[in-house]
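Written below as structure tokens is the structure these notes are about.
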Protein chains: 2
Amino acid sequence: MKSEINIKSIAEALSVSISTVSRALQNNPKIGLKTRELVLEKAKELKYVPNPASMFLKGKKMFVIGIIVPALDEEFFTKVINTVEDFFEKQGYQVFVFQTRNDMKRQDNALELMLKYRVDGLLVSLAGNTTDYSKFKKVEDFGIPVVFFDRVPRSYKSHKIKCDIQKGAVDAIGFLKDLNCKRIALINGPSNLDASDERLNGYLLGLQKNNIRSSQSLIKSCDLTKKSAMAVMEEFLSQENVPDAIFGFNDYVALYAMLVCKKRGIVPNQEIKFVSYGNLPITSLMSNPPLASVEQFPDKTGMEAAQLLLSIIDNKVEIDDYREMIIETKLVVH
Amino acid sequence: MKSEINIKSIAEALSVSISTVSRALQNNPKIGLKTRELVLEKAKELKYVPNPASMFLKGKKMFVIGIIVPALDEEFFTKVINTVEDFFEKQGYQVFVFQTRNDMKRQDNALELMLKYRVDGLLVSLAGNTTDYSKFKKVEDFGIPVVFFDRVPRSYKSHKIKCDIQKGAVDAIGFLKDLNCKRIALINGPSNLDASDERLNGYLLGLQKNNIRSSQSLIKSCDLTKKSAMAVMEEFLSQENVPDAIFGFNDYVALYAMLVCKKRGIVPNQEIKFVSYGNLPITSLMSNPPLASVEQFPDKTGMEAAQLLLSIIDNKVEIDDYREMIIETKLVVH
DNA sequence: TATTGAAATGCAAATGTTTGCATAATTTTT
DNA sequence: AAAAATTATGCAAACATTTGCATTTCAATA
């Protein structure tokens with residue numbers, strides 16, 4: 001009901017055939033210059049907007065990429081998005097964004113939308129509570145390639161670009177050991193995240209390598225919200241075995257934990273040292289950022305994921321020739 | 001070429017007519033229960049995905065809303081996005097996001113995409129360098145309603161939800177006056193932004209109301225990047241007339257300016273007081289946040305914009321019965 | 001002038017789905 | 001048992017555009 005101008009309207013207004021109009025609009029050289037100009041002019045005059053239906057009917061490419069992230073208010077993801085956009089724009093694609101806010105239902109809806117809009121490819125960082133991958137299967141069965149990045153599925157077979165979380169953890173623990181920390185606590189993320197598992201493993205491995213005894217009382221999880229992270233920190237400060245270092249799931253968690261210290265008059269990074277993941281620019285605004293943070297290179301992650309996706313779209317890599325890539329991490333000391 | 005499964009495949013597989021399949025998939029009660037179940041089962045088995053072409057051909061609603069913002073890494077916009085999503089999800093719509101990164105060309109591309117995908121409505125916060133509104137005209141002529149929020153066009157007629165920037169500035173200056181500040185500097189945004197004009201006007205009005213003489217040397221602009229904001233602050237500190245207060249375009253600008261102070265050993269908010277716009281949660285993580293910040297209520301902005309857009313979509317408000325709304329601001333002292 | 005060749009344009013089929021109308025099958029009523 | 005009412009299914013047109021093939025138009029050549 002929106003606009004009733006179609007190529008037929010233009011054809012009638014100019015007394016030419018529909019095919020002539022169609023070809024003129026595509027700048028087909030078979031159409032004479034005069035006719036072509038007339039058509040283009042009339043199209044503008046009538047405010048013609050092509051109906052995408054035929055694109056879908058004829059199975060044409062849409063030149064659109066979808067990117068699904070857990071959250072838009074995490075700097076890591078916006079950095080990835082920017083890189084992906086820059087890359088695909090150069091290739092003539094547009095990128096649109098969808099956030100799941102860590103909800104699988106929203107994620108599934110997003111996948112249906114991508115299917116409906118026939119995107120040419122999909123980059124995904126998983127919602128935290130993803131338990132069922134059938135929608136991803138559906139998308140891929142349909143022929144739309146999916147590349148996971150950062151928060152990648154544990155067992156589901158697919159293309160994956162992830163960073164070496166474990167090595168980052170080992171480095172971080174080593175750094176704290178050198179500062180003579182002995183009671184290093186981990187504020188981890190939710191247990192259903194693969195990323196949490198890897199942090200825990202890296203943390204334990206790091207302790208082991210540095211001959212530090214691990215303790216159940218120094219390992220706690222939060223759901224990554226401010227409230228939850230602060231509550232966990234309160235627990236640490238209230239218990240008998242008070243940590244002398246905090247290893248945060250990411251910079252935000254560390255910053256939230258620091259807030260609790262400040263509230264209690266404890267100056268961060270003195271009695272209690274902080275390290276975390278992300279090395280996000282936001283920390284550069286703080287007077288007391290974490291002493292060190294594991295850089296995860298969102299630019300590189302985004303670039304690798306985008307390049308892999310394009311290769312699959314261009315049939316240079318088979319859609320089911322699943323590739324995995326590990327992005328190196330680096331502990332950055334501030 | 002992606003998937004060749006259509007309702008015809010299902011119809012043939014079950015030896016029923018295409019119309020029966022179509023109706024069964026729509027849960028049309030005219031179709032017998034057994035048939036319906038058979039069809040649904042077969043559809044799943046064959047991994048049928050409906051072709052959106054017919055939606056477009058028949059002019060059906062897509063139940064999709066687009067939202068275009070200048071940047072995803074500004075907390076204000078992600079908050080608006082969250083609110084808009086929550087609202088529209090309840091109404092059965094999906095929301096997809098596009099960022100322009102303050103580039104009009106990207107914005108125009110995004111508008112073409114919205115047209116191509118036939119979104120039911122559009123929420124837009126303008127790219128900084130928007131000079132030409134013809135693409136917006138095109139979208140609206142086509143019948144897709146557009147509601148601008150926060151960064152709204154100055155002269156282009158449209159639906160607009162914006163906040164009372166000027167009053168915020170006057171309040172902020174009053175606050176600084178009470179702290180005995182006499183040389184209040186403004187670090188404004190780029191001059192092509194309407195939001196910059198309003199801040200300047202509010203700033204000047206505030207000075208006037210408080211009997212403070214304005215000075216050209218206390219007004220500078222940056223392009224909102226960290227580098228640019230810090231450069232401006234350097235200038236202020238190097239010039240003869242050193243400010244005793246900084247009024248920042250937003251919290252980020254103020255935080256960047258504070259970094260310069262710290263680098264020079266000046267403790268922020270002592271010799272030089274800071275106030276800004278946004279009252280963003282991020283400032284709560286700082287040990288020295290701006291003394292006060294003008295809250296712009298992203299939730300309210302998003303909600304009002306979403307509600308207005310829905311009213312237009314539902315034909316409760318005519319698309320060209322342009323509404324404007326001013327969201328009150330509030331100076332929040334930390 | 002007739003013939004050839006090229007350029008410009010038109011016809012009609014094809015694409016996937018919905019839907020009003022028609023028909024067929026079944027059940028209910030007389 | 002026949003007629004009427006109900007239920008289930010099918011036919012075919014409609015939607016906007018593209019495109020292979022056919023046709024027309026016109027200019028150039030023989």
Side-chain angles (χ1 to χ4, degrees), chain A residues 1-44 46-63 112 115-118 142-144, chain B residues 1-44 46-63 112 115-118 142-144:
Chain A
M1 196 71 17
K2 298 206 152 170
S3 170
E4 318 84 352
I5 303 299
N6 48 33
I7 55 172
K8 199 174 159 201
S9 330
I10 302 176
E12 280 167 1
L14 295 172
S15 306
V16 294
S17 78
I18 290 179
S19 12
T20 303
V21 175
S22 171
R23 276 187 262 254
L25 290 172
Q26 297 172 77
N27 284 313
N28 186 319
K30 294 266 161 187
I31 298 296
L33 190 63
K34 286 157 288 174
T35 320
R36 185 155 60 209
E37 278 173 352
L38 271 175
V39 169
L40 292 177
E41 198 184 314
K42 193 55 124 184
K44 192 160 241 172
L46 295 179
K47 290 168 184 166
Y48 167 72
V49 175
N51 188 315
S54 53
M55 302 283 142
F56 290 104
L57 282 175
K58 306 274 171 176
K60 300 236 158 155
K61 266 184 81 162
M62 300 305 288
F63 284 98
E112 287 290 353
L115 223 35
K116 184 155 91 180
Y117 275 157
R118 300 290 197 262
F142 186 76
I144 298 176
Chain B
M1 194 76 11
K2 300 205 151 171
S3 172
E4 318 84 351
I5 303 300
N6 48 31
I7 54 172
K8 199 173 158 203
S9 328
I10 302 176
E12 279 167 2
L14 295 173
S15 306
V16 295
S17 79
I18 291 179
S19 12
T20 302
V21 175
S22 171
R23 277 186 262 254
L25 290 172
Q26 298 171 77
N27 285 314
N28 185 320
K30 294 266 161 186
I31 299 296
L33 188 62
K34 285 158 289 174
T35 320
R36 186 155 59 212
E37 278 173 352
L38 271 175
V39 169
L40 292 177
E41 197 184 314
K42 197 55 140 182
K44 191 158 243 172
L46 296 179
K47 290 168 184 166
Y48 166 72
V49 176
N51 189 315
S54 51
M55 302 285 142
F56 291 107
L57 283 174
K58 306 275 169 177
K60 300 233 159 156
K61 267 183 82 162
M62 300 303 291
F63 284 97
E112 287 291 351
L115 223 34
K116 182 154 92 180
Y117 277 159
R118 300 287 196 265
F142 186 77
I144 297 177

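Numbers restart at 1 for each chain; the letters A, B, ... are given by sequence-line order, proteins then strands. Treat the numbers as computed from the prediction; the structure is a model and nothing was measured.
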Side chain to side chain donor-acceptor pair (under 3.5 Å) against [X], all qualifying residues, sequence neighbours excluded:
X	answer
A:Asn6	A:Ser9
B:Thr35	none
A:Lys8	none

**Fill in**
For A:Leu40 and A:Ala24, the nearest pair of non-hydrogen atoms, with its separation, is CD2-O, 4.2 Å

**Message:** Can you give me the closest heavy-atom contact between A:Ala43 and A:Leu25, atom names plus distance?
**Reply:**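 Reported closest heavy-atom pair: CB-CD2, 4.0 Å.
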
Could you state the atom-to-atom distance from [atom1] of [X] to [atom2] of [N] in whole Å?
X	N	atom1	atom2	value
B:Lys58	D:dA12	NZ	C1'	11 Å
B:Lys60	D:dC15	NZ	C1'	12 Å
A:Arg118	C:dG16	CZ	P	10 Å
B:Ile10	D:dG10	CD1	P	14 Å
B:Leu57	C:dA14	CG	C1'	12 Å
A:Leu46	D:dA16	CG	C1'	16 Å
A:Asn51	D:dA14	CG	P	17 Å
A:Lys61	D:dT18	NZ	P	18 Å

**salt bridge (charged side-chain N to carboxylate O under 4.0 Å, His left out) contacts touching residues 25-43 of chain A (sequence neighbours left out)** =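 As it turns out, the salt bridge (charged side-chain N to carboxylate O under 4.0 Å, His left out) pairs with a partner in residues 25-43 of chain A, which skip direct neighbours, are A:Lys42-A:Glu45.
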
**Asked** In degrees, rounded to 10°, what is the bend between the two ends of the helix from C:dT1-D:dA30 to C:dT30-D:dA1, using five pairs at each?
**Response**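 The end-segment axes of the helix from C:dT1-D:dA30 to C:dT30-D:dA1 are tilted 60° relative to each other.
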
**Item:** Below 4.0 Å: OP1/OP2 of C:dG16 and any side-chain N or O of B:Asn6
**Value:**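 Result: yes.
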
Mind checking side-chain contact (heavy atoms from CB on, under 4.5 Å) for [X] and listing every partner two or more places apart, or none if nothing turns up?
X	answer
A:Leu57	B:Ala53, B:Leu57
B:Met62	A:Lys116, A:Tyr117, B:Met55, B:Phe56, B:Val64, B:Arg118, B:Asp120
B:Ser54	none

**Prompt:** Reckon A:Pro52 touches a base, only the sugar-phosphate, or nothing at all at heavy-atom distances under 4.0 Å?
**Reply:** nothing

**Message:** Ignoring hydrogens and geometry beyond distance, is the side chain of A:Lys8 in donor-acceptor contact with the base of D:dA16 at under 3.5 Å?
**Reply:**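 Side chain to base: no pair below 3.5 Å.
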
**Prompt:** Taking DNA chain D as the partner, which of residues 14-24 of chain A come within under 4.0 angstrom of it by heavy atom?
**Reply:**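 Only A:Ile18, A:Ser19, A:Ser22, A:Arg23 qualify.
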
Could you list the donor-acceptor pairs under 3.5 angstrom formed between side-chain atoms of residues 10-18 of chain B and any protein atom two or more places apart in sequence or on another chain?
unit_1, atom_1, unit_2, atom_2, d
B:Ser17, OG, B:Ser19, N, 3.4
B:Ser17, OG, B:Ser19, OG, 3.2
B:Ser17, OG, B:Thr20, N, 3.2
B:Ser17, OG, B:Thr20, OG1, 3.1

**Request:** Kindly state which residues belonging to residues 25-38 of chain A come within less than 4.0 angstrom of DNA chain C, counting heavy atoms of the residue only, listed by number.
**Result:**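 Listed by number, they are A:Pro29, A:Lys30, A:Ile31, A:Gly32, A:Thr35.
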
